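The block underneath contains the structure these notes are about, expressed in structure tokens.
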Amino acid sequence: MIRLYDTARGEVVPLEPRDPGKVSMYVCGPTVYGPAHLGHGRFALVFDVLRRYLEWSGLEVTYVSNITDIDDKIIDRAAREGRAHDEVAREWEAAWWRSMEAIGVARPTHDPHATAFVAEMVALIERLIAEGAAYETDDGVYFSAEAVTDYGLLARQSIESLQAGARVEVDETKRSPVDFALWKKAKPEEPSWPSPWGPGRPGWHTECVVMSLGLLGDGFDIHGGGQDLAFPHHENERAQARALGHRFAAHWVHNGFVEVGGEKMSKSLGNFTDLDDLAARSDPRSYRLLVLRSHYRSPIEVNEGVAADASAALRRLDALARRAATWPTVPADAATLERFRERMDDDLDTPAVVDLMFRTLHRANQAADEGRVDEAAAAGAAVMEMTGAVGLELLADTGDVPAEVAALARQRDEARTARDWAAADALRDAIVAAGYVVEDTAEGTSVRPG
RNA sequence: GGCGGCGUGGCCGAGUGGCUUAGGCAGGGGCCUGCAAAGCCCCGUACGGCGGUUCGAUUCCGCCCGCCGCCUCCA
């Protein structure tokens with residue numbers, strides 16, 4: 001079974017599924033108020049890779065990722081644009097799924113929306129009040145962090161040091177600086193839902209508690225998200241669940257940030273690149289390869305040079321896929337797949353897996369060059385199996401080539417047969433100028449989109 | 001201030017007390033090719049600084065320097 005770093009325990013520990021053969025995952029999804037950037041892309045890819053690998057391993061995965069469709073930022077944007085908040089949320093949610101599709105992230109098993117669970121959230125808050133873990137103030141309902149003895153577990157800090165470090169103006173209505181809002185009473189003009197405390201909206205941290213427990217049940221296997229969610233978001237989710245006696249998530253997994261010039265990419269710093277821009281400028285699969293090249297908990301630097309690097313590496317993998325298409329169909333090399341499994345099971349060691357992919361690619365090419373076709377085929381099949389298991393689909397086909405370009409290729413073959421090299425080179429230049437890659441093969445001129 | 005992490009060859013990025021000291025990209029030489037492309041072969045002796053432990057440290061310990069993250073909305 002796979003071993004993963006657990007933020008709560010601070011070490012790599014085996015994943016022990018609650019239900020044998022099945023894995024339940026909850027990954028905090030986006031607040032839909034704007035375009036997704038590379039950071040969102042990374043978390044989506046990291047957990048997509050984990051999910052696909054678990055499925056490849058034969059486990060039945062239930063993957064839940066929510067859509068936060070009510071939040072101050074959505075309300076702000078709607079107000080600025082003079083639109084309804086739900087209209088803004090719908091627009092950006094649609095954009096989110098388009099971006100996810102562009103980078104090949106599989107759709108979650110369930111994609112619950114916060115606004116569909118408001119009644120359940122109200123019920124949960126009522127229970128927290130009844131337990132003495134929450135209290136009402138003039139502007140809302142707050143959770144009392146002191147109600148949970150190990151508050152600070154995910155932050156790996158004591159509640160005292162968290163309080164001492166509070167950098168925010170202390171809200172006078174809160175009893176403690178680390179207390180957080182469960183329910184925000186609506187000001188005039190703000191969207192609202194009815195509650196025992198008057199019209200208002202839920203705080204961010206409650207939705208994930210209700211939706212994860214509701215869809216996956218208590219003690220679900222994995223709760224994931226970006227490192228910046230560990231505290232306070234996940235800490236606060238956990239606090240609510242624990243206050244009500246739930247075990248909640250068994251395993252907490254957090255991915256590292258995307259950085260630009262050594263700094264975290266974030267909307268507030270304004271140093272972000274939209275996922276759609278990247279997908280439009282390059283083969284979106286290269287971003288997955290880029291993400292796989294680093295360990296999921298390490299920061300990754302993304303810039304033009306690094307992106308070009310990944311694109312070039314991807315071209316080699318595609319080249320192997322094309323070559324492998326001419327080899328016999330044989331089972332993938334078992335020893336290589338065993339290595340792959342070992343590396344992946346070791347806290348998702350994808351850098352080692354990329355290493356293994358390229359070594360195996362090299363082995364396949366070498367065997368083919370030396371005429372050991374079956375060995376090449378087995379190694380090639382292993383590369384395809386591994387890339388497929390982590391969601392990297394290699395392109396073995398040569399793509400669509402227009403009839404006029406194909407005609408140029410045939411003319412070039414004729415010229416080459418006639419040993420008219422000047423004509424052959426001119427035709428090749430023409431095909432390249434049209435944006436295609438030309439390669440000679442035993443069957444003649446091969447042309448594919450560049 | 002508290003907590004955590006990082007500093008590796010031109011670039012990206014793994015890893016390890018010594019042994020064959022990843023992988024990718026870029027670069028140089030060669031093979032193949034009419035010339036290319038793709039592929040193959042060969043080539044780089046790097047681990048922030050100063051001490052310490054050790055037969056031996058990039059890897060362990062201490063200190064220092066530099067950088068980053070969380071403690072606030074944030075993937």
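Just so we're on the same page: letters track the sequence lines, and every chain starts at 1. Computed from a prediction, not measured in an experiment: that's the story for all the values here.
Ion pairing between a basic and an acidic side chain is recognised when a charged N comes within 4.0 Å of a carboxylate O; A:Asp76 and A:Arg80 show no such pairing. Using a cutoff of 4.0 Å between basic side-chain nitrogens and carboxylate oxygens, A:Arg9 and A:Glu11 are not scored as salt-bridged. We find that A:Asp346 and A:Arg343 are joined by a salt bridge, their nearest charged nitrogen and carboxylate oxygen being less than 4.0 Å apart. A:Lys73 has no carboxylate O lying under 4.0 Å from a charged side-chain N of A:Asp71, or vice versa, which leaves the two without a salt bridge. Under 4.0 Å is where a charged nitrogen must lie from a carboxylate oxygen, and between A:Asp440 and A:Arg412 at least one such pair does. With salt bridges taken as basic N to acidic carboxylate O contacts below 4.0 Å, none links A:Glu146 and A:Arg175. Under the 4.0 Å criterion applied to side-chain N and carboxylate O atoms, A:Glu304 and A:Arg281 are assigned as salt-bridge partners.
Using a 4.0 Å heavy-atom cutoff across all strands shown, A:Lys264 reaches at least one base atom of the nucleic acid. Contact annotation for A:Gly225: backbone-only contact, meaning every heavy-atom pair under 4.0 Å involves sugar-phosphate atoms and none involves a base. Residue A:His254 is classed as having no contact, given no heavy-atom separation below 4.0 Å to the nucleic acid. Here A:Gly256 lies in heavy-atom contact (under 4.0 Å) with a base. Counting non-hydrogen atoms under 4.0 angstrom, A:His233 reaches nothing in the nucleic acid. The residue A:Ser268 sits close to a base: some heavy atom pair falls under 4.0 Å. A:Met265 comes within 4.0 angstrom of a nucleotide base, judged by non-hydrogen atoms across all strands. Contact annotation for A:Glu370: no contact, since no heavy-atom pair falls under 4.0 Å across all strands. Among the protein residues, A:Val438 comes within range of the nucleic acid bases, having at least one heavy atom under 4.0 Å from a base atom. Across all strands, A:Arg419 comes closer than 4.0 Å to no nucleic acid atom at all (heavy-atom distances). Within 4.0 Å of A:Arg359, counting heavy atoms only, lie sugar-phosphate atoms of the nucleic acid but no base atom. Note on A:Asp349: nothing from the nucleic acid sits closer than 4.0 angstrom, heavy atoms only. No contact: A:Asp71 has no heavy atom under 4.0 Å from any strand. Residue A:Val46 is classed as having no contact, given no heavy-atom separation below 4.0 Å to the nucleic acid.
Of all nucleotides listed (B:G34, B:C12, B:C70), B:G34 comes nearest to the side chain of A:Arg416. Of all nucleotides listed (B:C71, B:C40, B:A75), B:C40 comes nearest to the side chain of A:Arg316. Among the nucleotides B:A75, B:A38, B:C35, the one closest to any side-chain atom of A:His40 is B:A75. With B:G34, B:G24, B:C3 as the candidates, the nucleotide lying closest to the side chain of A:Gln157 is B:C3. The side chain of A:Trp421 lies closest to B:G34 when the candidates are B:G34, B:C3, B:A75. Ranking B:C12, B:A75, B:A14 by closeness to the A:Ser298 side chain, first place goes to B:A14. Residue A:Asp425 places its side chain closer to B:C35 than to any other of B:C73, B:G2, B:C35. Candidate nucleotides B:C12, B:A14, B:C3 were compared by shortest atom distance to the side chain of A:Arg293, and B:C12 ranks first. Nearest to the side-chain atoms of A:Ala312 among the listed nucleotides B:C70, B:G13, B:A26 stands B:A26. The nucleotide whose nearest atom lies closest to any side-chain atom of A:Arg428 is, among B:G13, B:C35, B:A75, B:C35.
If you find the closest nucleotide of RNA chain B to A:Ala155 and to A:Phe358, the one lying nearer the 5' end belongs to A:Ala155.
For the pair A:Lys73 NZ and B:A75 P, the interatomic distance rounds to 7 Å; values are reported in whole Å.
Residue-to-nucleotide contacts include a donor-acceptor pair under 3.5 Å from the side chain of A:Arg412 to the base of B:G34. The base of B:A36 sits with one of its N or O atoms less than 3.5 Å from a complementary donor or acceptor on the side chain of A:Asp440. No hydrogens or angles were tested; on distance alone, nothing pairs the side chain of A:Asp355 with the base of B:G24 as donor and acceptor under 3.5 Å.
Shown here, B:A46 forms no base pair; nothing in the strands shown gives a Watson-Crick or G-U wobble contact with both key distances under 3.5 Å. Nucleotide B:U53 has no partner under the Watson-Crick or G-U criteria, as no pair reaches both atom distances under 3.5 Å. Remark: B:C31 base-pairs with B:G39; criterion is Watson-Crick or G-U wobble with both hydrogen-bond distances under 3.5 Å. Partner assigned to B:G17 is none, using Watson-Crick or G-U wobble distances below 3.5 angstrom. Pairing for B:G4 goes to B:C68, judged as Watson-Crick or G-U wobble with the two contacts each under 3.5 Å. Applying the Watson-Crick and G-U wobble criteria (two distances, each under 3.5 Å), B:C11 pairs with B:G24.
Tested against A:Glu190, the residues A:Lys185, A:His85, A:Arg201, A:Lys184 include a single side chain to side chain donor-acceptor pair (under 3.5 Å) partner, A:Arg201.
Comparing the C1' positions of B:G13 and B:G24 gives a spacing of 8 Å, expressed to the nearest Å. Across B:G1 and B:G9, the matching P atoms stand 31 Å from one another, rounded to whole Å. Rounded to a whole angstrom, the distance from the C1' atom of B:C6 to that of B:A14 is 14 Å. Nucleotides B:G4 and B:U8, compared at atom P, are 23 Å apart to the nearest Å. Rounded to whole Å, the C1' atom of B:C60 lies 25 Å from the corresponding atom of B:C68. On the C1' atoms, B:G44 is 14 Å away from B:C11, given to the nearest whole Å. A distance of about 11 Å separates the C1' atoms of B:U53 and B:G62, rounded to the whole Å.
Proximity of the aromatic rings of A:His205 and A:Phe143 is defined here by a centroid distance below 6.0 angstrom, and this criterion is not met.
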